[in-house]
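A short worksheet on the structure shown next.
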Amino acid sequence: MGSVRALRAATLAQLFRGLKHKQLPVYATLYPMQAEPELFQQQVGACLEQGFKRIKICVEPWWQDSAKAIGNLQRLREFVGPEVELMLDVAMEFTRFEQLEPFLGTLQALDFKWIEAPFDADNLDDHRRLRAVTSIPLGWATLASPPARSSSLIWRPMHSTSPSRTSPCSVASPRP
């Protein structure tokens with residue numbers, strides 16, 4: 001009984017033996033992201049108004065039109081400016097390297113901070129191909145597990161939360 005009272009009285013920082021960080025970076029996830037610039041700018045604007053400086057977008061079915069998707073990526077960067085960090089969650093929309101390849105130069109040029117879940121976790125060949133042609137870090141969400149034979153050169157774990165039902169921006173925090 002005494003330990004329960006002690007736990008109730010203790011702060012999380014005390015339980016974890018001290019405060020490690022005063023702040024942790026968080027990001028907003030847009031899912032689904034609208035296909036038309038005026039509409040996705042409203043979505044992103046709502047996140048920026050809430051103070052988010054990091055935004056994760058997801059590959060959507062409209063990315064099948066690569067010219068439209070690349071144009072939208074460029075408009076997104078123009079809208080948020082260089083100070084906002086952008087991340088991409090492929091969200092299993094693509095299954096092969098060739099589907100993601102047309103966007104890699106744009107993602108690199110627009111300074112995307114990571115690519116999450118680019119392919120099925122067991123598709124090691126395409127993950128290796130992707131790792132060989134881009135310096136953008138790759139990772140997977142906590143809901144998926146890395147393949148048993150994965151290499152630390154391919155996989156870098158990230159943490160995310162489920163989408164918010166009350167806001168166009170869901171909140172997530174990458175592990176420090």
Side-chain angles (χ1 to χ4, degrees), residues 23-121 123 126-127 129-144 154-175:
Q23 295 182 326
L24 289 175
V26 296
Y27 61 86
T29 298
L30 293 182
Y31 185 76
M33 181 176 161
Q34 297 298 314
E36 301 308 317
E38 305 79 37
L39 297 176
F40 74 68
Q41 287 174 357
Q42 289 176 8
Q43 290 178 295
V44 172
C47 297
L48 297 175
E49 287 172 12
Q50 293 178 47
F52 287 100
K53 298 293 184 198
R54 295 166 191 87
I55 297 176
K56 181 174 81 169
I57 64 169
C58 299
V59 171
E60 305 291 346
W62 51 263
W63 280 51
Q64 298 305 318
D65 180 345
S66 61
K68 179 182 187 84
I70 289 170
N72 281 350
L73 290 169
Q74 292 167 335
R75 285 183 197 88
L76 173 63
R77 174 50 79 198
E78 290 168 9
F79 182 72
V80 302
E83 66 281 352
V84 172
E85 293 182 6
L86 296 173
M87 292 81 70
L88 177 67
D89 185 347
V90 178
M92 300 195 315
E93 278 293 322
F94 296 147
T95 58
R96 298 180 330 278
F97 173 81
E98 292 79 14
Q99 294 171 289
L100 184 57
E101 186 177 26
F103 307 103
L104 295 176
T106 301
L107 294 170
Q108 189 100 19
L110 298 178
D111 194 27
F112 270 68
K113 297 302 180 190
W114 77 60
I115 299 172
E116 181 177 333
F119 316 110
D120 182 69
N123 183 351
D126 281 344
H127 282 99
R129 288 177 68 193
L130 181 57
R131 180 80 266 132
V133 299
T134 186
S135 61
I136 301 172
L138 307 179
W140 73 95
T142 55
L143 296 178
I154 297 173
W155 294 100
R156 296 187 184 144
M158 294 181 281
H159 173 72
S160 63
T161 63
S162 59
S164 167
R165 300 274 187 238
T166 59
S167 168
C169 306
S170 64
V171 180
S173 174
R175 288 188 177 152

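The structure presented is a predicted model; accordingly, all values stated were derived computationally and were not measured.
At least one side-chain heavy atom of Leu100 sits less than 4.5 Å from a side-chain heavy atom of Phe119. Side-chain contact between Ile115 and Leu104 is present, with at least one heavy-atom pair separated by less than 4.5 Å. Two residues are said to be in side-chain contact when any heavy atoms from C-beta on lie closer than 4.5 Å; Val44 and Phe79 meet this criterion. Between Asp89 and Thr29 the shortest side-chain heavy-atom distance does not fall below 4.5 Å.
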Can I get a per-line list of side-chain donor-acceptor pairs under 3.5 Å for residues 69-76, giving both atom names and the distance, sequence neighbours left out?
unit_1, atom_1, unit_2, atom_2, d
Asn72, ND2, Ala35, O, 2.7
Arg75, NH1, Gly71, O, 3.1

Identify all side-chain donor-acceptor contacts of residues 90-98 below 3.5 Å with residues at least two apart in sequence or on another chain.
unit_1, atom_1, unit_2, atom_2, d
Thr95, OG1, Gln99, OE1, 3.3
Glu98, OE2, Arg129, NH1, 2.7
Glu98, OE2, Arg129, NH2, 3.3

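A search for salt bridge (charged side-chain N to carboxylate O under 4.0 Å, His left out) contacts involving Glu85 returns Arg54, not counting sequence neighbours. Residues that satisfy the salt bridge (charged side-chain N to carboxylate O under 4.0 Å, His left out) test with Lys53, not counting sequence neighbours, are absent from this structure. For the salt bridge (charged side-chain N to carboxylate O under 4.0 Å, His left out) test, no residue two or more places apart in sequence or in another chain qualifies with Glu101. Taking the salt bridge (charged side-chain N to carboxylate O under 4.0 Å, His left out) definition, one finds that Asp65 meets it with nothing, sequence neighbours left out.
Residues His127 and Leu138 come closest through the heavy atom pair O-CD1, 4.1 Å. Of all non-hydrogen atoms in Pro32 and Gln43, the two that sit nearest each other are O-NE2, 2.8 Å.
Between the side chain of Arg77 and the backbone N or O of Val80 there is no donor-acceptor pair closer than 3.5 Å. Using modelled atom types, one side-chain atom of Arg131 and one backbone atom of Ile136 make a donor-acceptor pair closer than 3.5 Å.
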Checklist entry - Under the side chain to side chain contact (heavy atoms under 4.5 Å, CB included) criterion, do Cys58 and Met33 qualify, and how do the steps go? => result CA-CA 7 Å; Cys58 299; Met33 181 176 161; over 6 Å; no

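Applying the salt bridge (Lys or Arg N to Asp or Glu O under 4.0 Å) test to pairs two or more places apart or on separate chains, none has a residue in residues 39-51.
Of the options Tyr27, Phe112, Tyr31, a side-chain contact (heavy atoms from CB on, under 4.5 Å) to Lys56 is made by Tyr27 and by none of the others.
Atom CH2 of residue Trp63 and atom CZ of residue Phe103 lie 6.0 Å apart, to the nearest 0.5 angstrom.
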